[in-house]
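Keep in mind that what you see is a predicted model, and the values were worked out from it rather than measured.
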Amino acid sequence: MNKFYKSVKSISDKLKNIDKNAIRVSATVAVFFLAVWLMYLLHISNNTKRYRNVVDDFIMAQTERESEGISSAFDKRCTAISYGARTVSKVDEAYYREDLSPILTSLTAACEFEHVVFVDMNNKTYFEDGTVSADYDFSQFIDACDVGTQYMVLGNEEGILSSKSGFVIVAPVRYMENMRGYLIAFETYDNIVSISELRKEIKHDEILLDEKGDVLCRIMSDNSVEIPKRDVNFFDEAQSVMDAEEFNAFTTEYTECINARVPGKTLRKLGEGNTLLIYYPIKGTDGWAVMDCYPESVIIAITRSAEIEAIAIFVVIVIIMILAAIQIIKFLSGERRKITELEYLDGLTGVFNRNAFVNRAAEILKENKNLPYTMICFDVVNFRIINETYGHERSDVIIQELANACADAFGHNEAYGRLTADVFVALTLDDGEEGERIEYLEQHVIAKAREVYINHPIKIKRGRYEVTDVKESIDRMIDKANIARKYVNTNGTELSCRYSEELLENARKADEIESQMEEALLNGEFKPYLQGKFNMVENQVSGAEALVRWIKPDGKIVPPGDFIPLFESNGFVEKIDFYMLEEICKYLRRMIDENREVYRVSVNQSRYLLNDPEYVNKVKEILLRYQIPVGLIELELTETVFFHEKDRMIQMMNELKKMNVNLSIDDFGSGYSSFNILKDVPFDVLKIDREFLTDSVHTEKGKIILEKIVNMAHGLGMSVICEGVENEEQIELLKSINCHYAQGFYYARPIPMQEFMDKYNTPKN
């Protein structure tokens, strides 16, 4: 097959065009995705700005919330100390030791202070546990506390009442405008710092500043608290990295917000980069604030991560879409290749179909203008019977083997292909070896048929058209060879036919008939005619044969010789035969119902009809539908029916006999195997062919043979009828050899059914 496919240049060119189209589609898709990508980048850029603002607002809101928590904690403690100072002021000095202890303990527990003590005007210190000591010096806190205030908050005190660093709240205790002492509470910073997930997610510093800007503590990302080892002033550090104008602007903004007790934010350069500063005043303090410092790089990283995430998602989507597009393009390319193969290569055999064959044949004729060529169309005789009998699967093997054999039967300067079903076409050199090629194909197909247990005889018939003009359309050459193929006489020995213009005219007539036959059957244009059969001894009608006539609505009659052979070749004869059988059953049923004389009617059955596996059941169904009595229907078959698959045909005849259907063998004497058939098939009637009768009348040997046939048939229990009887001489001969029945123009011509009814189906008394 390799040499065969090397010639498929035109097909490969088309496939290249398909690939180019696929590339164009791919480029278009790529440009489209690039445009979408640029638009999406612009969209991301705009969204990034909006997202940055959203992040800033989110951070601001979270920082305010956390600062509010710290501020509330301070305010709660300051309020508690103020309330405690008023309570302590009411305690009688004589009962300080007994009454102060529960008050101090209650304050410590309520606000989770580390310690709460009372220092009287004599510098005595009263503790929660009731102890009193004069060893502690709290003068630094007392001095800082303005007697005119409710309380004072002092930061970064270490070693006073606790080993931890924290802040101190000092509240004066007065009674009736008289100073009685000071209530001092100590608290660590980590007790007022709220737990924040934001510090873990966004790394930043959160610091507590006093009114001078000194750093009291730093709150780390893990919510731990760090106390500076030395005095650190936030504004001093800021001034060292900012220019004077920027520093002044920052401190002004900060001071205004703290004095107004409102939060604020600003973006300033601290160190190597810009920092977002968010500050929030702490309630209950004099100028204290929470300062959150977010490096701009951290915020950019957040927005960038979102931007990268959006880009990554888009990239993934684009990649998926590109992969999907690639798969679609591959699929479309594959499908187009398949379509191209279907367009140029036969699906069952893989050889050229008509389109590809036309292209290749044109190339061959163009390249070899001086060589003689013949276009041939060939098929397997009666392949339809093989197909219906053995099924598509096994019959396809025959077609495939025929295609395989063609690869060796035809050379590189020749071409072949499959047209349809079992019909092949070939452009072959007119070198006198055409017959050998066909014989080679037959032998290979026969061998393959045996392998798959197909017993039907394999013969190949062919129509030929000699190429005289290389410029003529290849399609016209194929059509002419195909016309010749259709007119091959399959009953002859020469299964070849050469194209002629006469065949073309016949083909046109055939096409016209085929275009009308289905509609004609539906419209009832096929009419049953009856030709009487006569008993020559009694000189009266004994039966009839049903013959089909095609009468068009305008009264024009199509001769049987014009349509019967065509119907036999295209298979339409099967519908006609069943139609005729049903029409005759209707006629017989009517005669019975009208109480008329009824005669047996014989109906011809095509050899193609008998290849239908359901044939016997269909006949039975028609007979039962019209309730036809035994003996009124006779099925006529020609001996050619038994040329192929004799055993199966005999079995079918036996099944028909079980239904009490009469059988007759038609045209006896025209074939070569008649006598063998008589001993195997249970025929009721033997019909002698008209040609055999004509030849026997004029020779003594013929008369003897005819007489022996009649005697043999009688000996086998069969009736004998001779068809084509046209004169007295033939009648006398038949009577002399004891043949009692005749059919022919001497007695009656075929007449319409109604005329036969009026003439012969007379009412019974």
Trainee: Taking side chain to side chain contact (heavy atoms under 4.5 Å, CB included) as the definition, give me every residue that meets it alongside Glu583, ordered by chain and number, with sequence neighbours left out.
Mentor: Pro528, Tyr579, Lys586
Trainee: Taking all non-hydrogen atoms of both residues, which atom of Phe692 and which atom of Phe668 are closest, and how far apart?
Mentor: CB-O, 4.5 Å
Trainee: Lys533: which residues meet the salt bridge (charged side-chain N to carboxylate O under 4.0 Å, His left out) condition with it, sequence neighbours left out?
Mentor: Glu634, Glu636
Trainee: Are a donor atom and an acceptor atom from the side chains of Glu414 and Thr428 found within less than 3.5 Å of each other?
Mentor: yes
Trainee: Checking the side chain of Asn387 only, and the main-chain atoms of Phe383 only, is there a donor and an acceptor separated by less than 3.5 Å?
Mentor: no
Trainee: Of all residues at least two apart in sequence or in a different chain, which pass the side chain to side chain donor-acceptor pair (under 3.5 Å) check with Glu597?
Mentor: none
Trainee: Walk me through it: do Val616 and Met659 pass the test side-chain contact (heavy atoms from CB on, under 4.5 Å)?
Mentor: CA-CA 9 Å; Val616 174; Met659 295 162 48; 3.7 Å; yes
Trainee: Which residues pass the side chain to side chain donor-acceptor pair (under 3.5 Å) test with Asp593, sequence neighbours left out?
Mentor: Arg589
Trainee: For Glu568, which residues count as a side chain to side chain contact (heavy atoms under 4.5 Å, CB included) partner, sequence neighbours excluded?
Mentor: Ile564, Val573, Tyr608
Trainee: Is a side-chain N or O of Arg394 found less than 3.5 angstrom from the main chain of Val452, in a donor-acceptor match?
Mentor: yes
Trainee: Can you name the residues that form a side chain to side chain contact (heavy atoms under 4.5 Å, CB included) with Glu501, not counting sequence neighbours?
Mentor: Tyr499, Leu504
Trainee: Within the side chain of Arg690, is there an N or O that forms a donor-acceptor pair under 3.5 Å with the backbone of Glu723?
Mentor: no
Trainee: Minimum heavy-atom separation for Phe683 to Ile665, with atom names?
Mentor: CD2-N, 3.7 Å
Trainee: So, using side chain to side chain contact (heavy atoms under 4.5 Å, CB included) as the criterion, who are the partners of Pro752 when residues are at least two apart?
Mentor: Tyr529, Glu755
Trainee: Donor-acceptor check, side chain of Asn660 to backbone of Val630, threshold 3.5 angstrom: yes or no?
Mentor: no
Trainee: Taking the six-membered ring for Trp, is the centroid-to-centroid distance between Phe357 and Phe352 below 6.0 Å?
Mentor: no
Trainee: Does a donor on one side chain and an acceptor on the other come within less than 3.5 Å for Tyr465 and Asn482?
Mentor: no
Trainee: For the residue pair Cys497 and Val488, what are the closest heavy atoms and their distance?
Mentor: CB-CG2, 3.7 Å
Trainee: Return yes if some donor-acceptor pair links the side-chain N/O of Asn382 with the main-chain N/O of Ile385 below 3.5 Å, else return no.
Mentor: no
Trainee: Please determine if Glu466 and Arg464 form a salt bridge, counting it only when a charged side-chain N lies under 4.0 Å from a carboxylate O.
Mentor: yes
Trainee: For Arg462, give me all partners under side chain to side chain donor-acceptor pair (under 3.5 Å), at least two apart in sequence or on another chain.
Mentor: Glu434
Trainee: If every non-hydrogen atom of Gly724 is compared with every non-hydrogen atom of Gln730, which pair is closest and at what distance?
Mentor: O-OE1, 3.6 Å
Trainee: Extract all donor-acceptor atom pairs below 3.5 Å that involve side chains of residues 417-424 and protein atoms in other chains or at least two apart in sequence.
Mentor:
| unit_1 | atom_1 | unit_2 | atom_2 | d |
| --- | --- | --- | --- | --- |
| Arg418 | NE | Ala421 | O | 2.7 |
| Arg418 | NH1 | Asp346 | OD1 | 3.1 |
| Arg418 | NH1 | Asp346 | OD2 | 3.1 |
| Arg418 | NH2 | Ala421 | O | 2.9 |
| Asp422 | OD2 | Val380 | N | 3.0 |

Trainee: Output every pair passing salt bridge (charged side-chain N to carboxylate O under 4.0 Å, His left out) with a member in residues 511-520, not counting sequence neighbours, ordered by first then second residue.
Mentor: Glu518-Lys575
Trainee: Do Lys461 and Glu442 pass the salt bridge (Lys or Arg N to Asp or Glu O under 4.0 Å) test, and can you show the C-alpha distance, the side-chain angles, and the key distance before you say yes or no?
Mentor: CA-CA 10 Å; Lys461 70 177 188 290; Glu442 278 186 356; over 6 Å; no
Trainee: Which pairs count as salt bridge (charged side-chain N to carboxylate O under 4.0 Å, His left out) when at least one residue sits in residues 542-562, sequence neighbours excluded?
Mentor: Glu545-Lys687
Trainee: Test of understanding: with salt bridge (charged side-chain N to carboxylate O under 4.0 Å, His left out), list the residues that count as partners of Glu582, not counting sequence neighbours.
Mentor: Arg625
